[in-house]
Asker: 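Pasting a structure below so you can have a look.
Computation of the quantities below employed the complete heavy-atom set of this structure, encompassing side-chain atoms and omitting hydrogens, waters and symmetry-equivalent molecules. Predicted model only: the values in this text are computed from it and were never measured.
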Amino acid sequence: MNIQIIAIGKLKEKYLKQGIDEYLKRLSSYAKVDIIELPDEKAPEQISPQEMELIKNKEGERILAKIPSDAYVIALAIEGKMKSSEEFAHSIDKLATYGKSKIAFLIGGSLGLSKEVMKRADEALSFSKMTFPHQLMRLILLEQIYRAFRIMRGEPYHK
């Protein structure tokens, strides 16, 4: 299985990089995982709804340009469907069973994902009703992908 994580924003925090590297290493025996980091648009503190849409659209164009045409696309969005780790594992397993060997996970910038990106997504996934920093979401997502592969293979994992 080929998994891409297409994310807006540069990862600066060393502790997050270390965590991400650890999960990439663990995942290497299950799937090929690539992280594509795209530049974010600078947003002023006080921003109008129009400026917000403009920024999301610019970031969205960058995201859309990187999505493989044959990928199953899962957008991480607060309004998406919440799943348990077991349900998430079952979803990934089902995709693999039905020949969807390329999955692209999309993580927007601090303002979220554009309407165009959401239209391209096959599914919207939410990890919580809470808002998480988009850099931290990469680590959380990788941990859940790793957990999903462990669940699918019947290997032990922490509950």
Asker: At what distance, to the nearest 0.5 angstrom, does CD1 of I36 lie from CD1 of I107?
Answerer: 12.0 Å
Asker: Side-chain contact test, heavy atoms from C-beta onward, threshold under 4.5 Å: evaluate it for S91 versus K94 and give yes or no.
Answerer: no
Asker: Any non-hydrogen side-chain atom of L141 less than 4.5 Å from a side-chain atom of L76?
Answerer: yes
Asker: To the closest 0.5 Å, what do you measure between CD1 (I74) and CD1 (I6)?
Answerer: 12.0 Å
Asker: Once salt bridge (Lys or Arg N to Asp or Glu O under 4.0 Å) is applied, do any residues pair with R153, and if so which ones, sequence neighbours excluded?
Answerer: none
Asker: Any chain of hydrophobic side-chain contacts (each under 4.5 Å) joining M1 to I5?
Answerer: yes
Asker: Applying ring pair (Phe, Tyr, Trp, His ring centres under 6.0 Å), can you list everything that pairs with F127, at least two apart in sequence or on another chain?
Answerer: none
Asker: In terms of hydrophobic clustering (I, L, V, M, F, W, Y; side-chain heavy atoms under 4.5 Å; direct or indirect links), are L38 and L54 co-clustered?
Answerer: no
Asker: CZ/F105 to CG/L142 distance, rounded to the nearest 0.5 angstrom?
Answerer: 9.5 Å
Asker: What is the minimum heavy-atom distance between G80 and S126, and which atoms define it?
Answerer: O-CB, 3.4 Å
Asker: Considering only Ile, Leu, Val, Met, Phe, Trp and Tyr, and joining two whenever side-chain heavy atoms are under 4.5 Å apart, list the other residues clustered with M82.
Answerer: none
Asker: Parallel, tilted or perpendicular: which one describes the rings of Y146 and Y30, with boundaries at 30° and 60°?
Answerer: perpendicular
Asker: For R120 and S69, which heavy atoms make the closest approach, and how far apart are they?
Answerer: NH2-O, 3.7 Å
Asker: Determine whether Y23 and I145 make a side-chain contact, defined as any pair of heavy atoms from C-beta on separated by less than 4.5 Å.
Answerer: no
Asker: So, the side chain of N57 versus the backbone of E53: is there a donor-acceptor pair under 3.5 Å, distance only?
Answerer: yes
Asker: Any heavy-atom pair between the side chains of K56 and L113 that's under 4.5 Å?
Answerer: no
Asker: Could I get the full list of salt bridge (Lys or Arg N to Asp or Glu O under 4.0 Å) partners for E155, not counting sequence neighbours?
Answerer: R150
Asker: My understanding is that only residues two or more places apart in sequence, or in another chain, count here; which of them pass side chain to side chain contact (heavy atoms under 4.5 Å, CB included) with A124?
Answerer: M118
Asker: Under the 3.5 angstrom rule, does the side chain of D122 hit a backbone N or O of V73 as a donor-acceptor pair?
Answerer: yes
Asker: Among residues two or more places apart or on two chains, list those pairs meeting salt bridge (charged side-chain N to carboxylate O under 4.0 Å, His left out) that have a residue in residues 100-113.
Answerer: D70-K102
Asker: Can you sort out the partners of K129 under salt bridge (Lys or Arg N to Asp or Glu O under 4.0 Å), two or more places apart, ordered by chain and number?
Answerer: none
Asker: Given the rule that I, L, V, M, F, W and Y join up when any side-chain heavy atoms are under 4.5 Å apart, are M52 and V117 in one cluster?
Answerer: no
Asker: Same cluster for Y72 and V33 if Ile/Leu/Val/Met/Phe/Trp/Tyr side chains link at under 4.5 Å?
Answerer: yes
Asker: Determine, for E22 against R26, whether the closest basic-nitrogen to carboxylate-oxygen distance falls under 4.0 angstrom.
Answerer: yes
Asker: If you take all heavy atoms of R138 and I8, which pair is closest and at what distance?
Answerer: NH2-O, 3.7 Å
Asker: Mind checking what makes salt bridge (Lys or Arg N to Asp or Glu O under 4.0 Å) contact with K58, not counting sequence neighbours?
Answerer: none
Asker: Can you get from I140 to L27 by hopping between Ile, Leu, Val, Met, Phe, Trp and Tyr side chains that sit under 4.5 Å apart?
Answerer: yes
Asker: Looking at every non-hydrogen atom in both residues, tell me the closest pair between S114 and G60 and how far apart they are.
Answerer: OG-CA, 3.8 Å
Asker: Taking side chain to side chain contact (heavy atoms under 4.5 Å, CB included) as the definition, give me every residue that meets it alongside A43, ordered by chain and number, with sequence neighbours left out.
Answerer: I47, I55, L111
Asker: To the nearest 0.5 Å, how far apart are CD in Q135 and CG in D40?
Answerer: 8.0 Å
Asker: Roughly how far, to the nearest 0.5 Å, is NE2 of H134 from OG of S110?
Answerer: 5.5 Å
Asker: Does the side-chain contact (heavy atoms from CB on, under 4.5 Å) test come out yes or no for K83 and E123, once each step is laid out?
Answerer: CA-CA 12 Å; K83 297 180 179 185; E123 157 181 2; 2.7 Å; yes
Asker: Once side-chain hydrogen bond (donor to acceptor under 3.5 Å, both in side chains) is applied, what residue pairs with a partner in residues 59-68 remain, sequence neighbours excluded?
Answerer: E41-R62
Asker: Could you pull out all residues at least two apart from S29 that satisfy side chain to side chain contact (heavy atoms under 4.5 Å, CB included)?
Answerer: none
Asker: Under 3.5 Å, which donor-acceptor pairs do the side chains of residues 9-19 form with other protein atoms, sequence neighbours left out?
Answerer:
unit_1 : atom_1 : unit_2 : atom_2 : d
K17    : NZ     : L11    : O      : 3.4

Asker: Start with the C-alpha gap between E116 and L64, add the side-chain angles, then the distance that decides, and say whether side-chain contact (heavy atoms from CB on, under 4.5 Å) holds.
Answerer: CA-CA 8 Å; E116 290 304 310; L64 291 168; 4.0 Å; yes
Asker: Rounded to the nearest 0.5 Å, what's the gap from CD on Q144 to CE on M137? Could you check?
Answerer: 8.5 Å
